[in-house]
Asks: 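Starting off with a structure, shown below.
Below, all heavy atoms of this structure are taken into account, side chains as well, without hydrogens, waters or symmetry copies. Letters go in sequence order (proteins before strands), and every chain restarts at 1. Keep in mind it's a predicted model, so treat the numbers as computed, not measured.
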Protein chains: 2
Amino acid sequence: MARSDTRYREAYNRLLDHCAALSAGTPLPAETVLSEIAGVSRTVVRRCLARLSDLGVIALDGRAKYLLRVPGPEDRIDVTRSPDGREDLEQRFLDWILRFDVPAETPLSVAELARTFGVTQHQLNEFLAGLSRFGLVARRPRGGWMLRGFTKDFAIELSDFRLVLELDAIAKLVEAPVDHPVWQRLADLRERHLILASQIDTHFHAFSKLDEAFHEAINDIVRNRFVAEFQKVISLIFHYHYMWDKTEEKQRNAAAIQEHLAVIDALEARDANRAAEAARRHLRTSRSTLLSSLRHHDLG
Amino acid sequence: MARSDTRYREAYNRLLDHCAALSAGTPLPAETVLSEIAGVSRTVVRRCLARLSDLGVIALDGRAKYLLRVPGPEDRIDVTRSPDGREDLEQRFLDWILRFDVPAETPLSVAELARTFGVTQHQLNEFLAGLSRFGLVARRPRGGWMLRGFTKDFAIELSDFRLVLELDAIAKLVEAPVDHPVWQRLADLRERHLILASQIDTHFHAFSKLDEAFHEAINDIVRNRFVAEFQKVISLIFHYHYMWDKTEEKQRNAAAIQEHLAVIDALEARDANRAAEAARRHLRTSRSTLLSSLRHHDLG
DNA sequence: GTTCTTGTCCTAAATTATTAAAAACAATTG
DNA sequence: CAATTGTTTTTAATAATTTAGGACAAGAAC
């Protein structure tokens with residue numbers, strides 16, 4: 001009752017597959033070679049060989065190994081791969097917080113969360129430890145975790161930080177060479193914005209996705225691991241709140257489209273000051289949208 | 001052999017102290033009250049009461065509790081508080097990496113590190129998970145961790161990021177009101193810089209500390225949890241590398257002092273452009289120092 | 001009957017123990 | 001002596017254990 005032996009089971013089946021391609025009587029290569037074939041350590045290979053020998057698939061004679069019979073599908077062992085929940089834990093966790101509108105200062109139960117997300121407590125603990133670097137969660141004095149959550153201060157600080165990063169990206173973008181792929185991306189985005197603007201009455205919901213694409217294109221110019229890490233969180237949070245604050249959604253989105261187009265115009269004109277000003281204006285709008293969506297939650 | 005019972009032991013001694021102030025025959029208050037006195041849950045209080053009763057210090061009679069005898073120092077139980085190594089794990093870990101010049105792509109052994117730092121593997125795992133958010137370490141495909149380390153790319157990206165944050169701080173600083181404490185701090189820093197400049201021949205080692213104080217004062221103006229979190233790491237890394245690159249240390253530090261003074265001058269003149277330019281110049285120097293210290297390590 | 005106190009039980013979190021896997025080292029064989 | 005295997009040690013993942021916290025119910029005291 002310790003760690004799972006998935007690794008061994010998978011290796012065993014891989015080795016079976018390897019043997020199935022041979023004919024009976026063929027000698028098998030050395031353990032080292034087999035371990036490379038199966039992509040595991042020699043320890044695992046030896047366990048597999050022992051079982052193969054027990055079941056009479058191979059014969060071990062000193063240091064020689066012969067295939068006694070060609071294995072079939074019935075020889076395989078079950079491998080109930082525990083689904084690796086760590087995959088998109090971040091997405092799912094943020095989604096959970098935002099979707100269920102978990103309030104700030106909520107105590108988080110590792111055990112419960114681990115159940116809901118289908119991961120071990122250990123994995124969840126590590127994940128929370130990571131998030132604590134973003135100030136999103138914190139350890140409680142007597143053990144356990146607490147969601148520091150989307151308070152007003154958090155939103156303001158996040159918006160400020162976003163502004164700093166994005167203005168930097170804008171400044172770098174203006175300096176990008178003419179053959180940089182970003183210009184094509186921006187041209188495409190302009191098209192999509194114009195199309196959406198013409199259909200705003202019926203398709204205004206589609207803006208959220210477009211907003212994400214727009215900011216991603218801009219920030220993509222900054223090749224920086226620190227920036228990239230933050231962008232993931234930032235975009236997710238803004239994306240969700242955009243979708244939720246339903247007050248005057250159509251007007252807001254129509255206005256935002258124009259703000260985006262103003263940024264694109266200025267960028268294509270290589271006018272750094274104008275681009276910065278346009279970006280600043282848009283991010284100010286974005287920030288107040290985020291804040292107002294928080295206010296609505298406070299009230300209701 | 002699970003978690004320590006330090007909490008229980010400390011609570012027990014606290015309750016003893018409480019009883020020592022009473023006289024024999026005095027009735028004790030309810031469990032709930034005692035739990036507030038000792039600052040623990042009722043569960044712990046009950047365990048303490050059971051022991052007190054076993055040792056004949058108190059008598060439990062239905063719901064009444066009487067003090068049989070006034071406890072003395074001999075009744076206390078040992079409490080060997082395990083030192084909380086989590087305290088400054090971050091400092092010590094970065095110190096270790098930098099001091100022993102651990103190269104990039106080094107596999108990190110949780111077991112070994114936990115031993116050296118005197119923490120449990122669990123705690124170290126959580127810590128590494130946190131660091132992975134900064135891209136300093138990463139999980140290895142088959143379990144375990146790897147130090148991604150101070151490569152050239154890392155240094156460049158870190159410097160870039162620092163530049164972005166610090167220019168923002170500078171811009172905000174210029175706008176700070178005249179009665180903001182930062183101006184006094186800057187005035188003090190100017191003094192210290194001038195003093196050090198006059199003694200540069202003998203005291204040039206002292207610059208590293210001064211550099212740290214200077215950047216801290218500037219960045220302190222930005223009240224932002226995300227910025228603050230990064231500053232911790234940034235300052236530590238630059239601080240160490242400053243101390244190590246011994247090539248032309250005196251000249252470098254003398255030059256850096258002048259760069260700092262130029263920033264202070266511009267700030268006090270409320271000249272945003274000049275301050276930004278001066279900061280940019282200083283950070284450029286700082287960056288090349290960091291890079292050259294990496295190059296030296298590569299060679300040697 | 002209401003309120004305070006305690007008994008009981010359940011859940012959570014920290015930490016140890018256990019197991020699988022990897023790696024290092026020694027021995028052996030061709 | 002080079003390749004291979006046997007053996008041992010170490011590491012990392014995870015289940016099990018234990019302490020702690022809290023909820024609820026039963027009962028006593030007023």
Side-chain angles (χ1 to χ4, degrees), chain A residues 1-12 27-36 38-50 60-65 82 84 86 107-115 119-126 128 139-146, chain B residues 1-12 27-35 38-50 60-65 82 84 86 107-115 119-126 128-129 139-146:
Chain A
M1 296 134 184
R3 54 190 292 187
S4 69
D5 58 355
T6 315
R7 205 164 170 66
Y8 153 66
R9 286 161 182 274
E10 286 183 348
Y12 184 82
L28 294 179
E31 290 173 1
T32 332
V33 179
L34 290 173
S35 75
E36 288 203 7
V40 294
S41 73
R42 261 185 62 218
T43 312
V44 180
V45 167
R46 304 184 101 238
R47 235 180 113 186
C48 294
L49 289 177
L60 294 175
D61 176 24
R63 101 174 9 184
K65 298 178 279 292
S82 66
D84 189 1
R86 187 145 37 186
L108 299 175
S109 153
V110 173
E112 193 185 327
L113 288 177
R115 272 196 298 275
V119 297
T120 67
Q121 297 193 9
H122 188 87
Q123 290 169 337
L124 206 93
N125 253 324
E126 278 189 9
L128 290 177
R139 260 194 184 290
R140 273 188 306 170
R142 289 184 201 169
W145 297 88
M146 187 194 73
Chain B
M1 298 138 183
R3 56 189 289 186
S4 72
D5 56 357
T6 314
R7 206 166 167 64
Y8 154 66
R9 287 160 182 274
E10 286 182 348
Y12 184 81
L28 293 178
E31 290 174 0
T32 333
V33 178
L34 291 174
S35 75
V40 295
S41 73
R42 260 185 64 218
T43 312
V44 181
V45 168
R46 305 185 101 238
R47 233 181 115 186
C48 294
L49 289 177
L60 294 173
D61 176 26
R63 109 173 3 186
K65 298 179 278 294
S82 66
D84 190 1
R86 186 147 38 186
L108 299 175
S109 152
V110 174
E112 193 185 327
L113 288 177
R115 272 196 299 275
V119 296
T120 67
Q121 297 193 8
H122 189 89
Q123 290 169 337
L124 206 95
N125 253 324
E126 278 189 9
L128 290 177
R139 260 193 184 291
R140 272 190 304 172
R142 289 184 204 167
W145 296 89
M146 187 194 73

Asks: Does the pair N125(B) and W145(B) meet the rule for a side-chain contact (heavy atoms from CB on, under 4.5 Å), with working shown?
Replies: CA-CA 9 Å; N125(B) 253 324; W145(B) 296 89; 2.9 Å; yes
Asks: Work out which heavy atom in L60(B) is nearest to a heavy atom in L49(B); give both atom names and the distance.
Replies: CD1-O, 4.5 Å
Asks: Roughly how many Å is it from CH2 in W145(B) to C1' in dA13(D), rounded to a whole number?
Replies: 13 Å
Asks: side-chain contact (heavy atoms from CB on, under 4.5 Å) with R46(B): which residues, sequence neighbours excluded?
Replies: E31(B), R42(B)
Asks: For T32(A) versus S35(A), what's the shortest heavy-atom pair and its separation?
Replies: O-OG, 2.7 Å
Asks: Taking the side chain of Q121(B) as heavy atoms from C-beta outward, which of dA20(D), dA21(C), dA12(D) is closest to it?
Replies: dA12(D)
Asks: Without decimals, in angstroms, what is the distance between L108(B) CG and dT10(D) P?
Replies: 19 Å
Asks: Looking at residues at least two apart in the chain, or sitting in another chain, which of them share a side-chain contact (heavy atoms from CB on, under 4.5 Å) with P29(B)?
Replies: V33(B), L34(B)
Asks: To the nearest Å, give me how far apart CG (L128(A)) and C1' (dA12(C)) are.
Replies: 14 Å
Asks: Rounded to whole angstrom units, what separation is found between the CG atom of N125(A) and the C1' atom of dA13(C)?
Replies: 8 Å
Asks: Let me know the distance between CG of L124(A) and P of dA13(D), rounded to the nearest Å.
Replies: 16 Å
Asks: Just checking R47(A): base, sugar-phosphate only, or nothing, at a heavy-atom cut-off of under 4.0 Å?
Replies: sugar-phosphate
Asks: Using a 4.0 Å heavy-atom cut-off across all strands, classify L60(B) as base, sugar-phosphate, or nothing.
Replies: nothing
Asks: My understanding is that only residues two or more places apart in sequence, or in another chain, count here; which of them pass side-chain contact (heavy atoms from CB on, under 4.5 Å) with S41(B)?
Replies: T43(B), V44(B)
Asks: Want to settle it: does D5(B) or G62(A) sit nearer the 5' end of DNA chain D, counting the closest nucleotide to each?
Replies: G62(A)
Asks: Check whether any side-chain N or O of R9(A) sits under 4.0 Å from OP1 or OP2 of dA20(C), and answer yes or no.
Replies: no
Asks: A111(B) has a side chain; which of dA22(C), dT11(D), dA13(D) sits nearest to it?
Replies: dT11(D)
Asks: Nearest to the side chain of R46(B), heavy atoms from C-beta on, is which of dA21(C), dG21(D), dT6(C)?
Replies: dT6(C)
Asks: Tell me which residues in residues 27-35 of chain B put a heavy atom below 4.0 Å from DNA chain D, sorted by number, or none.
Replies: none
Asks: Taking OP1 and OP2 of dA12(D), is either one under 4.0 Å from a side-chain nitrogen or oxygen of S109(B)?
Replies: yes
Asks: Could you list the residues that satisfy side-chain contact (heavy atoms from CB on, under 4.5 Å) with R115(B), not counting sequence neighbours?
Replies: A111(B), E112(B)
Asks: Where is the tightest heavy-atom contact between V40(B) and V45(B), given as atom of each residue plus distance?
Replies: CG2-CG2, 4.0 Å
Asks: Taking only the side-chain heavy atoms of H122(B) (C-beta and beyond), determine which of dA20(D), dA13(D), dT15(C) contains the nearest atom.
Replies: dT15(C)
Asks: Work out which heavy atom in G39(B) is nearest to a heavy atom in R7(B); give both atom names and the distance.
Replies: O-NH2, 3.2 Å
Asks: Y8(A) OH to dA22(C) P: how many Å, rounded?
Replies: 14 Å
Asks: Grab the two heavy atoms, one from R140(A) and one from P107(A), that are nearest each other, plus how far apart they are.
Replies: NH1-CB, 3.5 Å
Asks: Can you give me the N/O atom pairs linking the protein to nucleotides 23-30 of chain C at distances under 3.5 Å, or say none if there are none?
Replies:
residue: dT28(C); atom: O2; partner: R63(A); partner atom: NH2; Å: 3.3

Asks: Using the closest heavy atom to pick a nucleotide of DNA chain C for each, name whichever of R115(A) or T120(B) lands nearer the 5' end.
Replies: R115(A)
Asks: Can you measure L113(A) atom CG to dA13(C) atom P for me and round it to whole angstrom units?
Replies: 9 Å
Asks: Please give, in whole Å, the distance from dT5(D) C1' to D61(A) CG?
Replies: 14 Å
Asks: At less than 4.0 Å, is any side-chain N or O atom of K65(A) found next to OP1 or OP2 of dT5(D)? Yes or no.
Replies: yes
